[in-house]
Amino acid sequence: MQLRQNKNLPGLVDEYLRHLAIERGVANNTLAAYKRDLNGYLQFLERELGAPAVQDVGFDANAITEQTVREFAKDLAARQVTSKDGLTTKPIAATSVARMLAAVRGLHNFWLVEGLAENDVAHAVKPPKTPRRLPKALSLSQVEALLAAAGPEPGAAQPGADVSATADLMRLRDRALVELLYATGGRVSELTALDLDDLVEPGLLRLFGKGSKERIVFVGSFAQRALDAYLTRTRPGLAQAAGRAAGIRINSTPALFLNHRGSRLSRQSAWQIVHEAAVRAGIEAEVSPHSLRHSFATHLLEGGADVRVVQELLGHASVATTQIYTLVTIDRLREVYALSHPRARR
């Protein structure tokens, strides 16, 4: 079987990426990860098969064999990455290898379904087993310290502080962001993508998860007060400043969370806000926006919430993904039992 003769291998990979984006509605961040991983696969194939063959119009996917894919898996396992300090190297993580192989397996399966290859040569190449890592949740006291460090509680007096100062107004935004991360369990990409129209009503937000799947989440009273303070005291000034810079009366961006230039707050900036608040709070553990998502789920389950309810609130497609949090709470229950029951220990 021959492939359509108007595509080279990069073009066939692009066809698969378009399929993911248009027909399967894969989220932009996921699509970008697939593209990075498949670009790495293309570079490997150029070395194995020769760049001219890969770039040739009418490339025959049957030239890629199961052994080719297995060699790619070996190549991944042998790769070394540099540590954060830049002084040492270590093998690439098993989770990264599994993710890259998942992209390759999806590509070859697509070619088979579309009649672009005779066999799915990647089907039998299994990714390495990845160790199950329990999500690290913050304690309630750590969450409260993080919130206090992010910004002032709405209505609370700040001795010696000028509430009209730009820095203090920006901290109202930071407090609202961190409050919403913990109150909703939303992903940082979901919250930075929020528009004003997604404020359904007081206490309710509309989030768009992976694959643009919509869900409604609840906003507790603490988070609602923080959000209201940001919307009334901080956001209008950010929007107007950006509008004046652009020569218009007011910035018309629909984004809920704005940066100091009046543009939509980025995921990287949101991560930095949480990280800096954790440093000010004296939390030694690594804290990211996702830590608050883990904490949201863990605290709900510890409080007696049904795992199916937590699944819906988190936007998980499968309850199996949510059930990992039950292991965290079981460990906590075991610890409490061991410390509290008079005959739990010798």
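Heavy-atom basis, side chains included; hydrogens, waters and symmetry copies ignored. Remember, it's a predicted structure, so these values are computed and weren't measured experimentally.
- Here the side chain of Asp56 pairs no donor or acceptor atom with the backbone of Phe59 at under 3.5 angstrom.
- Of the possible polar contacts, none joining the Thr298 side chain to the Ser295 backbone as a donor-acceptor pair under 3.5 Å is found.
- Of the charged side-chain nitrogens involved, at least one lies within less than 4.0 Å of a carboxylate oxygen, so that Arg79 and Asp75 count as a salt-bridged pair.
- Ring-plane geometry between His290 and His294 is classed as perpendicular, the angle between the planes exceeding 60 degrees on a 0 to 90 degree scale with a lower cut at 30.
- A salt bridge does not link Arg47 with Glu71: none of the charged nitrogens is closer than 4.0 Å to a carboxylate oxygen.
- Remark: Phe208 pairs with no residue by the ring pair (Phe, Tyr, Trp, His ring centres under 6.0 Å) rule, at least two apart or across chains.
- Among pairs with a residue in residues 191-200, those fulfilling side-chain hydrogen bond (donor to acceptor under 3.5 Å, both in side chains) read Asp195-Arg264, Asp198-Arg206, at least two apart in sequence or across chains.
- The backbone N or O of Leu314 lies less than 3.5 Å from a partner atom in the side chain of Arg293, making a donor-acceptor pair.
- Cluster membership check: Leu112 does not share its hydrophobic cluster with Val121, using side-chain heavy-atom separations under 4.5 Å among Ile, Leu, Val, Met, Phe, Trp and Tyr.
- Closest heavy-atom contact between Leu207 and Gly186: CD1-CA, 4.0 Å.
- Formation of a donor-acceptor pair under 3.5 Å by the Gln224 side chain with backbone atoms of Val219 is not found in this model.
- The closest donor-acceptor contact from the side chain of Arg215 to the backbone of Leu313 lies under 3.5 Å.
- Here the shortest heavy-atom pairing between Leu238 and Leu258 reads CD1-O, 3.7 Å.
- Trp111 and His108 have perpendicular rings, their planes meeting at more than 60° on a 0 to 90° scale where under 30° would count as parallel.
- A side-chain donor-acceptor contact under 3.5 Å links Arg171 to the backbone of Ala149.
- Between the side chain of Ser269 and the backbone N or O of Leu265, no donor-acceptor pair lies under 3.5 Å.
- The number of heavy atoms from other shown groups lying within 6.0 Å of CZ (Phe222) does not exceed 12.
- For Phe296 and Tyr182, the gap between ring centers reaches or exceeds 6.0 Å.
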Run the side-chain contact (heavy atoms from CB on, under 4.5 Å) check on Val69 and Tyr41 step by step: do they pass? CA-CA 9 Å; Val69 181; Tyr41 186 47; 3.7 Å; yes
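- Here the CG-CD distance, from Leu147 to Gln142, works out to 12.0 Å after rounding to the nearest 0.5 Å.
- Side chain of Thr253 to main chain of Ser263: no donor-acceptor pair is present (N/O by atom type, distance under 3.5 Å, no hydrogens or angles).
- Within the structure, the side-chain hydrogen bond (donor to acceptor under 3.5 Å, both in side chains) test picks out the following pairs touching residues 29-39 (sequence neighbours left out): Asp37-Arg99.
- Between the side chain of Arg105 and the main chain of His123, a donor-acceptor pair closer than 3.5 Å is present.
- In the displayed structure, Glu284 atom CD is contacted under 6.0 Å by at most 12 heavy atoms of other residues, nucleotides or ligands.
- Judged purely by atom type and a 3.5 angstrom limit, Tyr230 uses its side chain to pair as donor or acceptor with the backbone of Leu256.
- To the nearest 0.5 Å, atoms CG (Leu116) and CG (Asn62) are separated by 10.0 Å.
- One distance of note links CG of Leu146 with CG of Leu181; it measures 9.0 Å at 0.5 Å rounding.
- Put simply, CG on Leu12 and CG on Leu17 are 11.0 Å apart, with the number rounded to the nearest 0.5 Å.
- Ionic pairing of Arg308 and Glu312 is not present here: no N-O contact between side-chain nitrogen and carboxylate oxygen is shorter than 4.0 angstrom.
- The two residues Leu172 and Pro152 make their nearest non-hydrogen contact at CD2-CG, 3.9 Å.
- Separating the CZ atom in Arg233 from the CG atom in Asp228 is a distance of 11.5 Å, to the nearest 0.5 Å.
- Ala226 and Arg175 make their closest contact through CB-CG, 4.2 Å (heavy atoms, listed as atom of the first residue, atom of the second, distance).
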